[in-house]
2 protein chains.
Amino acid sequence: MGITKSEIFTEAQNRIATMAKVLGHPARISILQHLFQSDSCICGDLVDKIGLAQPTISQHLKELKNVGLIKGNVEGTSVCYCIHKENWLAMKALLNTFLDSDISTTSECC
Amino acid sequence: MGITKSEIFTEAQNRIATMAKVLGHPARISILQHLFQSDSCICGDLVDKIGLAQPTISQHLKELKNVGLIKGNVEGTSVCYCIHKENWLAMKALLNTFLDSDISTTSECC
DNA sequence: ACTATTAAATGCAATATTACAATAAAGAGC
DNA sequence: GCTCTTTATTGTAATATTGCATTTAATAGT
């Protein structure tokens with residue numbers, strides 16, 4: 001039904017999935033990489049560098065902002081987006097607890 | 001259009017996004033966690049432990065197999081799924097190169 | 001106030017995803 | 001061969017996502 005049954009999963013599982021999901025699109029990966037290199041924080045610059053229409057980029061920015069990975073500072077008519085470092089680190093920590101599941105693995109079944 | 005313009009992104013960006021995307025559903029997170037704990041490798045056990053229908057679990061397993069994160073050993077009538085350790089480590093490394101973008105960050109724009 | 005610039009919001013079309021019922025396939029045990 | 005068990009496949013419905021044209025909002029500069 002295109003709808004996810006989040007209620008049957010743990011809070012942690014849902015949070016991990018939500019974060020992974022927002023990273024699950026190359027445009028959003030690209031946006032984040034640009035913001036890290038801070039060669040283009042302004043929305044319009046991102047539109048130019050990535051080859052997608054302005055509304056599309058705007059929408060991806062919104063999703064990144066919704067999960068708290070970025071924040072936007074209004075500067076006159078343009079908006080300067082940057083990484084929300086604190087939340088980024090929290091996201092990284094969350095994903096790493098999951099990604100490091102292999103370390104504590106005991107048995108091998110096949 | 002529901003279709004991703006992968007051709008305008010780099011190989012790396014697409015691969016990172018693909019991996020993140022497959023981790024972007026709590027059922028798949030749950031499946032992987034179960035496989036790591038190997039308290040249930042058998043498909044049927046996963047169906048019991050996670051509260052989703054058998055075809056739904058089967059479909060999620062298929063997606064995890066498609067990106068290479070798990071492999072399935074047929075054992076009689078049942079199938080034993082396990083983590084594909086090599087590919088798991090490669091995925092981890094790939095995601096970490098991206099997640100560690102904050103480390104090499106120089107400037108602050110806002 | 002008027003105009004230009006920039007970004008967000010709206011509306012829409014095409015495609016993708018999630019979930020499951022029903023069915024098919026494949027092997028085990030008789 | 002027949003039946004049971006287990007998993008994959010197919011088909012379908014509901015919802016989500018992606019992308020963009022158009023419009024709106026908000027500010028800067030004149």
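Proteins come first, then strands; the chains are lettered A, B, ... in the order of their sequence lines, and each starts at number 1.
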J.: Once you round it to whole Å, what is the distance between P of D/dA8 and CD1 of B/I57?
T.: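 One finds 11 Å between P of D/dA8 and CD1 of B/I57, rounded.
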J.: Across nucleotides 23-30 of chain D, 5' to 3', mark each nucleotide with B, S or - according to how protein heavy atoms within less than 4.0 Å reach it.
T.: ----BS--
J.: Applying a 4.0 Å non-hydrogen cut-off, can you work out what A/L61 is touching in the nucleic acid: base, sugar-phosphate, or nothing?
T.: nothing
J.: On the 0 to 90° scale, with breaks at 30° and 60°, tag the A/H60-A/H25 ring pair as parallel, tilted or perpendicular.
T.: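 Aromatic pair A/H60/A/H25 classed tilted.
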J.: Just verifying a value: how many Å separate A/F9 CZ and B/L52 CG, rounded to the nearest 0.5 Å?
T.: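 Here the interatomic distance stands at 4.5 Å.
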J.: Rounding to an integer number of Å, can you tell me how far B/I70 CD1 sits from D/dA8 P?
T.: 9 Å
J.: Using whole Å, what does the distance between atom P of nucleotide C/dT17 and atom NZ of B/K62 come to?
T.: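 After rounding, the reported distance stands at 12 Å.
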J.: Could you please name the option among C/dA7, C/dA19, D/dC20 that lies closest to any side-chain atom of A/K5?
T.: C/dA19
J.: Taking the minimum atom-to-atom distance to the side chain of B/P55, which one of C/dA7, D/dT9, C/dT10 wins?
T.: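 So the side chain of B/P55 is nearest to D/dT9.
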J.: Provide, to the nearest angstrom, the distance between the CD1 atom belonging to B/I42 and the P atom belonging to D/dT5.
T.: 16 Å
J.: So if I take every side-chain heavy atom of A/L52 and compare against D/dC20, C/dA7, D/dA8, which nucleotide ends up nearest?
T.: D/dC20
J.: Is A/S78 touching bases, backbone alone, or none of the nucleic acid, heavy atoms closer than 4.0 Å?
T.: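 It contacts sugar-phosphate atoms only.
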J.: Give the rounded distance in Å between these two atoms: CD1 of A/I3 and C1' of D/dT12.
T.: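 For the pair A/I3 CD1 and D/dT12 C1', the rounded distance is 17 Å.
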J.: Hey, what do you get for CG (A/L32) to SG (A/C82), rounding to the nearest 0.5 Å?
T.: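 If we round to the nearest 0.5 Å, A/L32:CG and A/C82:SG are 12.0 Å apart.
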J.: For a quick test of reading the model: is some side-chain N or O of A/H60 closer than 4.0 Å to OP1 or OP2 of D/dG19?
T.: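 Yes, A/H60 has a side-chain N/O under 4.0 Å of OP1/OP2 on D/dG19.
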J.: Return the nearest nucleotide to the side chain of B/V79; candidates are D/dT7, C/dA21, D/dC20.
T.: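 So the side chain of B/V79 is nearest to D/dT7.
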J.: Side-chain N or O of B/Y81 versus OP1/OP2 of D/dT6: is the shortest distance under 4.0 Å?
T.: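 For D/dT6, neither OP1 nor OP2 has a side-chain N or O of B/Y81 closer than 4.0 Å.
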J.: Any chance you could measure B/Y81, atom OH, to B/I57, atom CD1, to the nearest 0.5 Å?
T.: 11.0 Å
J.: Which whole-number value in Å describes the distance from B/R28 CZ to C/dT17 P?
T.: 9 Å
J.: Within the 4.0 Å heavy-atom criterion, would you say A/S58 contacts the bases, only the backbone, or no part of the nucleic acid?
T.: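 Contact class for A/S58: base.
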J.: Go through the steps for A/L69 and A/L23 under the test side-chain contact (heavy atoms from CB on, under 4.5 Å), then give the verdict.
T.: CA-CA 10 Å; A/L69 286 182; A/L23 299 180; 4.2 Å; yes
J.: Search all heavy atoms of A/V67 against all heavy atoms of A/M19 and return the closest pair with its distance.
T.: O-CE, 3.5 Å
J.: Let's see if you get this right: which residues in residues 11-27 of chain A place a heavy atom under 4.0 Å from DNA chain D?
T.: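 Hits under 4.0 Å, by residue number: A/K21, A/H25.
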J.: Distance check needed: C/dA16 P versus B/N66 CG, whole Å only.
T.: 15 Å
J.: Assess whether atom CD of B/E86 is packed by more than 12 heavy atoms of other residues, nucleotides or ligands within 6.0 Å.
T.: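 Incorrect, the count does not exceed 12.
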J.: Which atom names give the shortest non-hydrogen contact between A/G68 and A/N87, and what distance separates them?
T.: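 In terms of heavy atoms, the two residues are closest at O-ND2, 3.0 Å.
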J.: Starting from C1' on C/dA7, measure out to CG on A/N73 and report it in whole angstrom.
T.: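 Going from A/N73 (CG) to C/dA7 (C1'), I get 14 Å.
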J.: Report yes if the side chains of B/L64 and B/I31 come closer than 4.5 Å at any heavy-atom pair, otherwise no.
T.: yes
J.: Has the side chain of A/W88 got a donor or acceptor atom that lies under 3.5 Å from a matching backbone atom of A/I70?
T.: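 Looks like no, no N/O pair under 3.5 Å.
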